[in-house]
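All remarks here apply to the structure that follows.
The residues of the chain are indexed from 1 along the displayed sequence.
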Amino acid sequence: MNSRKKFPTGILGFPTAPFNEKGTIDEKALAVNIDFLINEGLSSIFIACGSGEFHAISRAEYQKMVEVAVETTAGRVPVYTGVGGNITDAVELVKLSEDLGADGYLILPPYLIDGEQEGLYQYYKAIVKESELDAILYNRDNAIVNLDTLQRLVDEFPQIVGLKDGLGNMELNLELVQTIGDRLEWLNGMPFAEITMPAYAKIGFNSYSSAMSNYMPHISRLFFDALKEGNEDVVNDIYVNVLLPINSIRKARKGYAVSLIKAGMNIQGFPVENSVRPPCIAVESDHYETLSKIIKKALEKYPAEQKEISNL
């Protein structure tokens, strides 16, 4: 079994769940979002995960989003789905993802319960053993595996190909990376991951989930390239002019990690409404205007290659 044939590396694409004026999934807008990310060079598509409002979509909507992702990518990049929460549902979503042609999946934390390490081991085991698709674990919230648990899982299941970190415990991350090494791909999954990527890159994390790439992917790419090349002037310049100003808005309200993406896309002319499902809230008008000014200034300083947004 060659479970690493489509290993996710570099800048990872996390599309939104675009809703139309009726509040239902806009399949065409989703296809445009995905096609844009691929054309901008993102290495993989993670569909129906956090930015795709996994918590708020129905099973039918989930299936449609995965179908759109698989059809739109057309094999150009691997497609990973979000699974997790209720363990029975998680197993069913893995099987559905496999049936629909996904390449792998990201396991989101279990619902509510803060389990012991043995419980987390059993949670991941129950999901991963059901499929040979590539599996990525996600350290965050109530699902933080320690070294012993992670080692146990990767020794038993070769289809586990990566770990995404959304906790920010660098001592733990160092312990994991230094011990397990390149057996896994290490993904920075912190909110607005560009902010923390300089620290993560230094300890062996070579990939990150980029929310900003949904509306300014060229700046995320410029930042990442400068980081890899050691161009501290460009890294600092983008921090001061783009990343930190946007991040200050993101921190203003709970749930903005999701809704701010849609606001940025809306500002940039994508067919995406500035709307999210509860408990997230839409970006407030003053924050929307501030974001619009930041984007305008960023594009003046770092102009993008002129491309028309695909209508597919």
Side-chain angles (χ1 to χ4, degrees), residues 6 8 10-85 89-90 92-108 131 133-136 138 164 189 209-215 217 257-266 268-277 280 307-312:
K6 293 187 176 180
I11 306 177
L12 315 175
F14 281 71
T16 63
F19 302 124
N20 57 30
E21 294 179 354
K22 296 180 180 180
T24 58
I25 297 289
D26 187 329
E27 297 173 25
K28 185 176 180 180
L30 176 59
V32 168
N33 187 181
I34 293 168
D35 194 59
F36 174 75
L37 291 170
I38 296 171
N39 289 337
E40 290 292 334
L42 275 76
S43 65
S44 51
I45 295 297
F46 283 72
I47 192 71
C49 297
S51 63
E53 299 184 60
F54 175 84
H55 67 280
I57 56 176
S58 69
R59 178 65 60 88
E61 289 173 326
Y62 179 97
Q63 178 169 338
K64 181 54 63 176
M65 289 178 71
V66 176
E67 289 173 343
V68 170
V70 171
E71 179 180 355
T72 304
T73 58
R76 291 178 289 171
V77 299
V79 173
Y80 289 79
T81 62
V83 308
D89 287 343
E92 292 177 356
L93 292 179
V94 168
K95 293 178 178 178
L96 176 62
S97 298
E98 187 167 24
D99 290 344
L100 295 176
D103 298 282
Y105 53 92
L106 171 68
I107 306 177
L108 304 172
S131 171
L133 288 183
D134 288 355
I136 299 172
Y138 196 177
K164 181 180 180 183
S209 54
S210 176
M212 186 175 71
S213 285
N214 283 290
Y215 55 95
V258 174
S259 52
L260 201 65
I261 304 172
K262 290 185 175 180
M265 294 176 69
N266 185 263
Q268 286 287 74
F270 287 89
V272 175
E273 297 292 323
N274 179 28
S275 63
V276 289
R277 288 180 179 171
C280 294
K307 298 179 183 179
E308 290 188 9
I309 296 174
S310 170
N311 292 318
L312 294 178

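Summarising the local packing, CD of Glu92 is surrounded by more than 12 heavy atoms from other residues, nucleotides or ligands at distances under 6.0 Å.
In this structure Ser131 satisfies the side-chain hydrogen bond (donor to acceptor under 3.5 Å, both in side chains) test together with Glu98, sequence neighbours excluded. Partners of Lys262 according to the side-chain hydrogen bond (donor to acceptor under 3.5 Å, both in side chains) rule, which considers only residues two or more places apart in sequence or in another chain, are Glu53. Residues that satisfy the ring pair (Phe, Tyr, Trp, His ring centres under 6.0 Å) test with Tyr138, not counting sequence neighbours, are absent from this structure. Listed by chain and number, the residues in a side chain to side chain contact (heavy atoms under 4.5 Å, CB included) with Glu67 are Gln63, Lys64, Leu100 (sequence neighbours excluded). For Tyr215, the side-chain hydrogen bond (donor to acceptor under 3.5 Å, both in side chains) test picks out no residue, with sequence neighbours left out. With sequence neighbours left out, the side-chain hydrogen bond (donor to acceptor under 3.5 Å, both in side chains) criterion links Ser259 to no other residue.
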Problem - Working for side chain to side chain contact (heavy atoms under 4.5 Å, CB included), residues Val94 and Tyr105 - result: CA-CA 7 Å; Val94 168; Tyr105 53 92; 3.8 Å; yes

Exercise for the section: I would like to know whether Val32 and Phe270 meet side chain to side chain contact (heavy atoms under 4.5 Å, CB included); could you show each step before the answer? Expected result: CA-CA 8 Å; Val32 168; Phe270 287 89; 4.2 Å; yes

Problem - CA sep, side-chain torsions, deciding dist, call: Ile25, Phe19, side chain to side chain contact (heavy atoms under 4.5 Å, CB included) - result: CA-CA 5 Å; Ile25 297 289; Phe19 302 124; 3.4 Å; yes

Problem - side chain to side chain contact (heavy atoms under 4.5 Å, CB included) evaluation trace for Ser209 with Lys164 - result: CA-CA 9 Å; Ser209 54; Lys164 181 180 180 183; 3.7 Å; yes

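Annotation: the span from Leu42 atom CG to Leu12 atom CG amounts to 7.5 Å, rounded to 0.5 Å. Arg59 contributes atom CZ, which lies 4.5 Å from atom CG of Leu93 (distance to the nearest 0.5 angstrom). From Thr16, atom OG1 reaches atom CD1 of Ile47 across 8.0 Å, with rounding to the nearest 0.5 Å. The distance from the CZ atom of Phe36 to the CE atom of Met265 is 8.0 Å, given to the nearest 0.5 Å. If you take CG on Leu30 and CD on Glu71, they are separated by 10.5 Å, rounding to the nearest 0.5 Å. His55 NE2 to Leu108 CG: the interatomic distance, rounded to the nearest 0.5 Å, is 11.5 Å.
The two residues Ile34 and Ala69 come nearest to each other via the heavy atoms CD1-CA, 3.6 Å. In terms of heavy-atom proximity, Asn20 sits nearest to Lys22 at OD1-N, 2.9 Å. Val70 and Ala102 get closest at one heavy-atom pair: CG2-N, 4.2 Å. When all heavy atoms are compared, the tightest approach of Pro18 to Val272 is CB-CG2, 4.1 Å. Ala56 approaches Arg277 most closely through the heavy-atom pair O-NH1, 3.0 Å. The two residues Ser97 and Tyr62 come nearest to each other via the heavy atoms OG-OH, 3.4 Å.
A side-chain donor-acceptor contact under 3.5 Å links Ser51 to the backbone of Pro15. One N or O on the side chain of Ser43 and one on the backbone of Ile11 form a donor-acceptor pair closer than 3.5 Å. A distance-only check finds no donor-acceptor pair linking the side chain of Asp35 to the backbone of Ala31 [under 3.5 Å]. Side chain of Asn214 to main chain of Ala211: a donor-acceptor pair is present (N/O by atom type, distance under 3.5 Å, no hydrogens or angles). Distance alone, capped at 3.5 Å, is enough to place a donor-acceptor pair between the Asp103 side chain and the Val79 backbone.
Within the 4.5 Å cutoff, side-chain heavy atoms of Leu37 are placed close to those of Ser213.
Between Phe14 and Phe46, the ring planes lie parallel to each other; the angle is under 30°, not in the 30° to 60° tilted range.
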